[in-house]
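Each ligand, and each atom within it, is numbered from 1 in the order the structure gives.
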Amino acid sequence: MEVTDLRQEMNRQLEERHLLDQVREYTDAYFDRVRDMRAVPSEADKKVLSVFDEAMPTGSQDAAETLALLQSAGENTISAQGGGRYFGFVNGGILPVSLAARWLADAWDQNAALSVMSPLTATLEHVCERWLVDLLGLPEGTAAGFVSGSSTATLCGLATARDALLLRQGWDVRERGLYGAPVIRVVLGEQAHSSVHKALSLIGMGKANVVIAPVDDQGRIDPDRLPELDGNTLLILQAGNVNGGAFDPFEPLCARARACNSWVHVDGAFGLWAAACKETKAFTRGMELADSWSTDAHKTLNAPYDNGVIFCRDRNALVQTMQASGSYLIYSEQRDGMLYTPEMSRRARSIELWAGLRYLGKFGVDALVAGLCENARYFGDLLRARGFRVLNDVVFNQLVVACDSSEETKATLEEIQLGGVCWCGGAVWRNEPVIRVSVCSWRTTKEDVEMSVAAFADARARAQKLK
Ligand SMILES: *Cc1c(COP(=O)(O)O)cnc(C)c1O
């Protein structure tokens, strides 16, 4: 086919819309069956993935056939995250209104870099910033940058902290780099998320300058054993322990940091949303005294991927660190999204974020978070009744589960994963292998929890028989 023919064909695709109709049918079929799907594909299911192992075609392939191939090979090789029994990592679900808004935003193909590129996107970023700062109880005037996820948000927060702390000492990192710069003290909890370590390494802070703060049995930093802080310290706290979901005691920790003029960053990938729920709000008390916060909308809020936010109390500091210059850039009086993020071109994720927040309202966010917590507690109660050990205090959406012995835990987890009724990952908790359960989809029902606990018990019985 000639290039001009392709263009004609693509115009026809837009006029006739059969490709979008085709995908709409596939989506309907997916939502019809997702509740009955295996939580993750079996080994046998995954064999079909070999159809993708073809050389890149020389000529143009049929568009409808390409989508049909994707559907037929894809429908059993994805994780059923929309089904309510996927408890792996902290992956979240998807709000229908956010999905629909995203479809529209994708069709519009907007670039969120500059206001001049997409006034709508810039406006909705501004609205989401205002709404979220209020919803999460952050200081008035806090700036938000809309990024791909918490890893990037943390990177932004820590880079801003680094620049600000060094600038106080008269060292402009952006000008002079880190060679010969004063050393910044980094204090973080023993159970900080791996993305925090990654961010520290990316911004040139290194492992040797990190002081580990001891934690209690839930993984919370112990204020009585907090290492010394000073005006050159970056203290990194956690809202939502990566395994057990616990919250660092922000009030005493932030008060100390404030008194010492340290910079506090809070990794609240999924836990920051506790602040938007009456029942869990108390865990975040004092968190508003921090300087920067990172979170994901694609976890607890159930926005589609990828949707993360960096918040920074000092708007100017964030913009100073993220700002780029170029003669062709047109900064405006309105919000220019790229001033708050490392990326220039970005998709317009504020559109689906706005739609989800507007649909839920404060009441709906509260109910969403409370519902996850309630299901997590129910999960824990049923597991205990079946003789499993729940090792963490179930304060949020996370459970850390074990059987009678480490061997049995490992074998049971393997059987759970093979069974496919539900899916959970593993971790190590207080030197013991554990099953990690994250209840983070609005789709999860009491029945899903009951089915999953039954699957746990069956898996343990199979594991015992295998011994
Ligand atoms: C998921 C998670 C991250 C990383 O977030 P991404 O959106 O995957 O980049 C960081 N910290 C915690 C506590 C998390 O749960």
Distance under 6.0 Å and angle within 45° of the ring axis: does Arg386 meet both against Phe456? no

Cut-off 3.5 Å, side chains only: do Thr152 and Ser148 have a donor facing an acceptor? yes

Classify the contact between Ser150 and ligand 1 as side chain, backbone, both or neither, using a heavy-atom distance cut-off of under 4.0 Å. both

Is there a nitrogen or oxygen of Asp296 sitting under 3.5 Å from a nitrogen or oxygen of ligand 1? yes

Looking only at non-hydrogen atoms, find the nearest pair between Pro249 and Arg220 and report the distance. CD-CB, 4.1 Å

Thr152 versus ligand 1: do any nitrogen or oxygen atoms come within less than 3.5 Å of each other? no

Can you tell me the protein heavy atom closest to atom 13 (C) of ligand 1 and the distance? Asp267 OD2, 3.5 Å

Atom indices of ligand 1 within 4.0 angstrom of Phe270 heavy atoms, with elements: 15 (O)

With a 4.5 Å heavy-atom cut-off, do Asp45 and Val40 have their side chains touching? no

I'd like to know if Gly308 contacts ligand 1, where contact means a heavy-atom distance under 4.0 Å to any ligand atom. no

Quick one: look up the protein heavy atom nearest atom 9 (O) of ligand 1 and list residue, atom name and how far away it is. Ser151 OG, 2.6 Å

Distance filter under 4.0 Å to Ala269 heavy atoms, resulting ligand 1 atoms: 2 (C), 3 (C), 10 (C), 11 (N), 12 (C), 13 (C), 14 (C), 15 (O)

Establish, yes or no, whether the cationic atom of Arg102 lies under 6.0 Å from the six-membered ring centre of Tyr305 and within 45° of the ring axis. no

Suppose we call two aromatic rings close when their centres sit under 6.0 Å apart. Are Trp423 and Phe89 close by that rule? yes

With heavy-atom distances below 4.0 Å as the criterion, list the atoms of ligand 1 near His298. 7 (O)

Hey, which atoms in ligand 1 end up nearer than 4.0 Å to a heavy atom of Lys299? 1 (C), 2 (C), 3 (C), 4 (C), 5 (O), 14 (C), 15 (O)

So which atom in Pro41 and which in Asn76 form the shortest heavy-atom distance, rounded to 0.1 Å? CB-O, 3.1 Å

